[in-house]
Structures are given as structure tokens and as C-alpha cells.
Amino acid sequence: MKKYKQRKSSLVAKIAAVGCASLVLAGCIGFGFASAGSTGSHVEAFGIDEMSTSASQAESASLTQVASDEAARETTVLSSTAKRDISKGIKAIEAKEEADRIAAEEAARAEEAARIAAASEKMAQQQATAPAPVAVNLSEVDWNVGKEAFIAEWTGRIDAYLAGSPLAGQGVTFATAAWTSGVDPRWSPAISNTESSKGAVCFKPFNAWGWGQSGFSGWEEAINTHVAGLANVYGYTISMAYAQKYCPPNAEHWFNNTLGQMQLI
């Protein structure tokens, strides 16, 4: 009985040992397969990822290069076009400015010629009908010198005549107005002396000629208005007929006094 129990115990121990060995072997084999599978998958996956990354980087680099080349070409084209466009624009502007300048000069010459012709015609008409003393005692005004020379000459002469008076320094205004209206440049300054002692005694503000019934805002406005009025209402220069119209009560005195002042200019 005792031997039977020992054999039975030994058999159970052997079976248990074999079972443990089988379990250990199965675990090792399973771990080996798992490790092998895992290693293979990792190696395989690593190789794919590496190839994919390399391809992606190459493609990205290629696209970047293409984009850079395209941007460079566009910049070059735009720069070249801009230079051509600016150059054409500048030339067009310069051509227009030159054309405008020539047109302005031609217009100024035409206007000057018209002024000279009109003034010369007025002077000739009045000389043909004026009394002899006026034609003899007043030197002729030379309109053919042109606008700039005309204004420069008469500015100096009128300024010298008006020196020390309230109208001092207005020579250029008188000369320019005379050129514009085509009248004797001495006429309005001389009347200012006859009517107000060259602006010293004005019956209305800045009205040195007894002209109308109102004053003016300044000498420039007053001079331009008076000279234009002489051209429109009277004529080219002084005459007895104009004296009778300008100052009916005392026309002869007015005429002689004004003519004498004109001869001083």
C-alpha cells in the first residue's frame, strides 16, 4: 500500500513536471513567434516609412523649386513690363507738355499780334480825326515792340511820374491794363492827377478819376476798371471831344491840364 502511494505520487509529480515543461515550451514558442512577428512588422514598417518620407521630401523640394522659379520669372516679367510702361508714360507726358508749351506760345503770340493790330488801328483812327495839337504834341506809342517790352518801358515811365503819390508803384498795373485794353498808357495816370492829384483827394475809396459813383477795393481793381472804361466809352487817347464828354463843365481846362500831364510821362 505504501509503495503504491509512492508510485502514484511519483507519477503525479512526473505528470506535473511534464505539464509545466509543456507550458514553458509553449510560452517560449509563442513569445518567439510574437517577437518574430513584431520584429518583422517593425522592420517592414520602418522601410515603408523611410521610403515614403524620402519621396515626400523630394516632392516637396521639387514643388518648392518650381514655385521659386515661377515667382522669379513673374518678378522678372513684371519688372521688365513696369520699366517699359513707366518709360512710355514719361515720354507721353513729356510730349504732351511740349505740345502744350508750343500751343501756349503760339496762342500768346497770336494774342500779342491781335493787341498790336487793335491798338494801332485805334491810334490811326483817332489821329485821323483828332485836332492838330494833340497829334503833334504827343509822341506816338510804339506797340510793335511786343507785350514784354511795352510793359517794361511804360512801367518805368509811369512809376517815375507817380513817385511820392498814393499811386506810387502802380506803373506795372497801368502799363499792363493799357496793353490789354489798347489805349495810350499815359492817359489814365494823367487823369488821376487832374481829378485827384494822383490819388491824394479821392471822392470815393481808391477812385482817383471821378469815375462813376462808387469806390473800389484797391488800386489794382480801380486802375483796371478805369483803363477798360476809357477804351470802351472814349477811345485810344485824349482829345477835345473826349474832354467835353469826360468833363463837360470845364472841358478846355480839363483837356489842357490832362494833356500837359501826359506829356510829362
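- Legend: salt bridge (Lys or Arg N to Asp or Glu O under 4.0 Å) pairs involving residues 186-203, not counting sequence neighbours, sorted by first then second residue: D184-R186.
- Considering only residues two or more places apart in sequence or on other chains, E98 meets the salt bridge (charged side-chain N to carboxylate O under 4.0 Å, His left out) condition with R101.
- The shortest side-chain heavy-atom distance between T237 and V141 does not fall under the 4.5 Å cut-off.
- The heavy-atom pair separating P185 from P189 by the smallest distance is O-CD, 3.3 Å.
- Minimum heavy-atom separation, G199 to A208: CA-CB, 3.8 Å.
- Under the 4.5 Å side-chain heavy-atom criterion for ILVMFWY residues, no single connected hydrophobic cluster contains both F203 and L167.
- The salt bridge (Lys or Arg N to Asp or Glu O under 4.0 Å) pairs that include a residue from residues 149-173 are E153-R157, where partners are two or more places apart or lie in different chains.
- Applying the side-chain hydrogen bond (donor to acceptor under 3.5 Å, both in side chains) test to pairs two or more places apart or on separate chains, those with a residue in residues 199-215 are S188-W209.
- The CD1 atom of I265 lies 7.5 Å from the CH2 atom of W154; values are rounded to the nearest 0.5 Å.
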Inset, instruction - Give the intermediate values and the outcome of side chain to side chain contact (heavy atoms under 4.5 Å, CB included) for residues N193 and L264. - result: CA-CA 12 Å; N193 181 77; L264 296 176; over 6 Å; no
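- In this structure, CE on M240 lies 4.5 Å from CZ on F255, to the nearest 0.5 angstrom.
- Not counting sequence neighbours, N232 has no partner by the side-chain hydrogen bond (donor to acceptor under 3.5 Å, both in side chains) test.
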Inset, instruction - Apply the test side chain to side chain contact (heavy atoms under 4.5 Å, CB included) to residues I116 and W179: give CA-CA distance (whole Å), side-chain angles for both, the deciding distance (0.1 Å), then the verdict. - result: CA-CA 8 Å; I116 293 172; W179 171 268; 3.5 Å; yes
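- With hydrogens and angles disregarded, a donor-acceptor distance shorter than 3.5 Å links the side chain of Y242 to the backbone of Y234.
- Note: I223 CD1 to E220 CD = 8.0 Å, rounded to the nearest 0.5 Å.
- Partners of K91 according to the salt bridge (charged side-chain N to carboxylate O under 4.0 Å, His left out) rule, which considers only residues two or more places apart in sequence or in another chain, do not exist here.
- Remark: W254 pairs with Y246 by the ring pair (Phe, Tyr, Trp, His ring centres under 6.0 Å) rule, at least two apart or across chains.
- In terms of the ring pair (Phe, Tyr, Trp, His ring centres under 6.0 Å) criterion, residue partners of F206 (sequence neighbours excluded) are, by chain and number, W219.
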Inset, instruction - Any chance you could lay out the side chain to side chain contact (heavy atoms under 4.5 Å, CB included) test for L230 and I191, step after step, and finish with the verdict? - result: CA-CA 11 Å; L230 290 177; I191 295 175; 4.0 Å; yes
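- Note that the CG atom of N224 and the CZ atom of F174 stand 9.5 Å from one another [nearest 0.5 Å].
- Applying the side-chain hydrogen bond (donor to acceptor under 3.5 Å, both in side chains) rule to E221 yields the partners S217; only residues at least two apart in sequence or on another chain are considered.
- Shown here for D142 and N144, the closest heavy-atom pair between the two residues is OD1-N, 3.1 Å.
- Nearest heavy-atom pair, Y161 versus A190, reported as atom, atom and distance to 0.1 Å: OH-CA, 3.9 Å.
- Remark: E252 CD to C247 SG distance equals 12.0 Å, nearest 0.5 Å.
- For the salt bridge (charged side-chain N to carboxylate O under 4.0 Å, His left out) test, residues two or more places apart in sequence or in another chain that qualify with E111 are R115.
- Contacts of A113 classified as side chain to side chain contact (heavy atoms under 4.5 Å, CB included), with partners at least two apart in sequence or in another chain: none.
- Note that the CG atom of N257 and the CE atom of M262 stand 12.0 Å from one another [nearest 0.5 Å].
- Taking all atoms of both residues into account, the shortest heavy-atom contact from A175 to F150 is O-CE2, 3.6 Å.
- Here S165 pairs with nothing under the side-chain hydrogen bond (donor to acceptor under 3.5 Å, both in side chains) rule; sequence neighbours left out.
- Contact between A163 and A168 at its shortest, heavy atoms only, is CA-CB, 4.4 Å.
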